[in-house]
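Note that these values count all heavy atoms, side chains included, but never hydrogens, waters or copies made by symmetry. Order of the sequence lines sets the chain letters (A, B, ...), proteins ahead of strands, with each chain counted from 1.
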There are 2 protein chains.
Amino acid sequence: MTHETNPYPSRLKEDQGIDPFVRLDPVVHSRNQWRWDGPLDEMSLSRYERDGFLWFEGFFSQERMQPFFDELKEMAEDKKLMESQQIIKDPESGEIRSVFAMHEISDHFNRLTRDPRILGMVRQLLGSEVYIHQSRINDKFGFQGSGFDWHSDFETWHSEDGMPRMRAVSASLMLTDNNEFNGPLMLIPGSHHYFVPCIGETPDMNWTDSLKAQRLGVPDQDSLAMLAERGGIQAPKGPAGSLLLFECNTLHASNKNMSPWPRSNLFFVYNSVENQLEEPYAAPNPRPEFLGARENTDPLTMHDDFPELAGQGVSPLKFRG
Amino acid sequence: MTHETNPYPSRLKEDQGIDPFVRLDPVVHSRNQWRWDGPLDEMSLSRYERDGFLWFEGFFSQERMQPFFDELKEMAEDKKLMESQQIIKDPESGEIRSVFAMHEISDHFNRLTRDPRILGMVRQLLGSEVYIHQSRINDKFGFQGSGFDWHSDFETWHSEDGMPRMRAVSASLMLTDNNEFNGPLMLIPGSHHYFVPCIGETPDMNWTDSLKAQRLGVPDQDSLAMLAERGGIQAPKGPAGSLLLFECNTLHASNKNMSPWPRSNLFFVYNSVENQLEEPYAAPNPRPEFLGARENTDPLTMHDDFPELAGQGVSPLKFRG
């Protein structure tokens, strides 16, 4: 630990508990006239500031998503890949649970991270150039995928990766339909306004366990109850191709897949180039590059697959079913 | 085992698998002119026959339910009761998960089993006088109650209690609101038409384990997928006081309570007096009286708390929000 002060203390000892406190960082980082320099209008920006997420039902067509899902199935056949650290298996079923660094394995996924509309929104929210901090696919096969307990991603990225401030956003693309029964992501609207310090010191190599089941970095039940009573819980549902943008500190969780329908969601985590990783704030050692990029942090450039979309406005209101 | 033939074989050896087959029993047991001799109209009866359940949102007022919830909380203070076999603790949290034989512990709950409208519907569905086979409360405290895997109640009652035929119905009354996040009951509409023989022989005293987590009597994933693809999945949600009537062979399950909101549901299982328990069909010994009544099987008589309701028609359509 090289940090003398820590703006977001967590992974504390049992008797060091600190109450949740209001975050120190803005939610939308673009200031003044730059605020509207992007695809999101004021209504959408205000909604993101209030809730900590934006949901775009049917952002891409299901047809556009299918090749990505097919590529995932091909990867499952690749024995060498399947044995690498980038693949996390489900603790109960042994099936694939997560694949990390998709954008480095596949040019196809790499281009998707640089989609003009997504990148336009992300730059607008973070107020700077951005790079991919982490990419992953989370799978839940029918009747098998287990749930994931409540957590803030930022709490882990700060404590274990050394991400200094709350200036990152996750774009989650649904590769399959997400419905009430296949373990969709649940979020607590407004929870991103608070940082909830968590109890439990981080053991070395914690990530070899934490990617299978969230044990550390889970807020205490009183804080969770307070935030859920205030903001409620929402679980956006929709067809493959739907997009969820959520702020790095928004509390989220998911339940078990109780249905025969697989649930496969792609996550690209965008971080501001002005918010690059330092030493971990509350862990003995940094995690590997595929979990938190330290080397590959060049600003992303938009691809030009769909030049006609580059300048087009995007609003969740247009996408509401 | 004293049965020479078994109409619904289950708890089979690994290599004895039998495919799901169409049930041998009617769903609505009242025949001919007796079919309409009760509160349910033809629309409701047909719906029950098709789906295997009926949902009455706001059947009782929330105010009427509160005293029952309060009584449950009082029971939790009763140390002697808490240590009895009738109380099942959650495998993860150690909190109360189920209380059995409510109607024998409490006169208040006993009267509720004899509510004229509920009893009227149940008699109409089962085509005879009825008694309580089992009563229980299933609790899921906030962030704690774990889920329950897919199963048919009849599969257990037949195999472990010796219930001969499918001629029982469960009435589930919501003591708290049931919402998307606190682990509501999920059902597969139409699944009651099929009996799914399950693999796995029943060990002696299986019930000491099975009430905490359903391990035996869980249909194979192919059968579940086939039935869920056909009928979909539904999870009725509504305020405290809502009522679910479901057929004894309808497949159901529930997920973990991910919210701070407790979920507490009361179940009364009504069995036809013409369908009384025999020797278990697939277990070494019968379960205790509080799980499957053999002695206390006198026909229920309606109480007269609300005489004005006795002759009134009841339809889920009237209760739809």
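- Highest contact tally toward chain B, considering only A/G183, A/A235, A/S259, is held by A/A235 [criterion: heavy-atom pairs under 4.5 Å].
- When all heavy atoms are compared, the tightest approach of A/K256 to B/N255 is O-ND2, 2.9 Å.
- Between B/P260 and A/E229 the shortest heavy-atom distance is CG-OE2, 4.3 Å.
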Would you check, one step at a time, whether the test side-chain contact (heavy atoms from CB on, under 4.5 Å) holds for A/I233 with B/W261? CA-CA 11 Å; A/I233 302 176; B/W261 308 301; 3.6 Å; yes
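- Closest approach of B/M258 to A/A253, counting heavy atoms only: CE-CB, 3.5 Å.
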Begin from the C-alpha positions of B/M186 and A/E180 and carry the test side-chain contact (heavy atoms from CB on, under 4.5 Å) through to its verdict. CA-CA 10 Å; B/M186 306 172 172; A/E180 187 180 337; over 6 Å; no
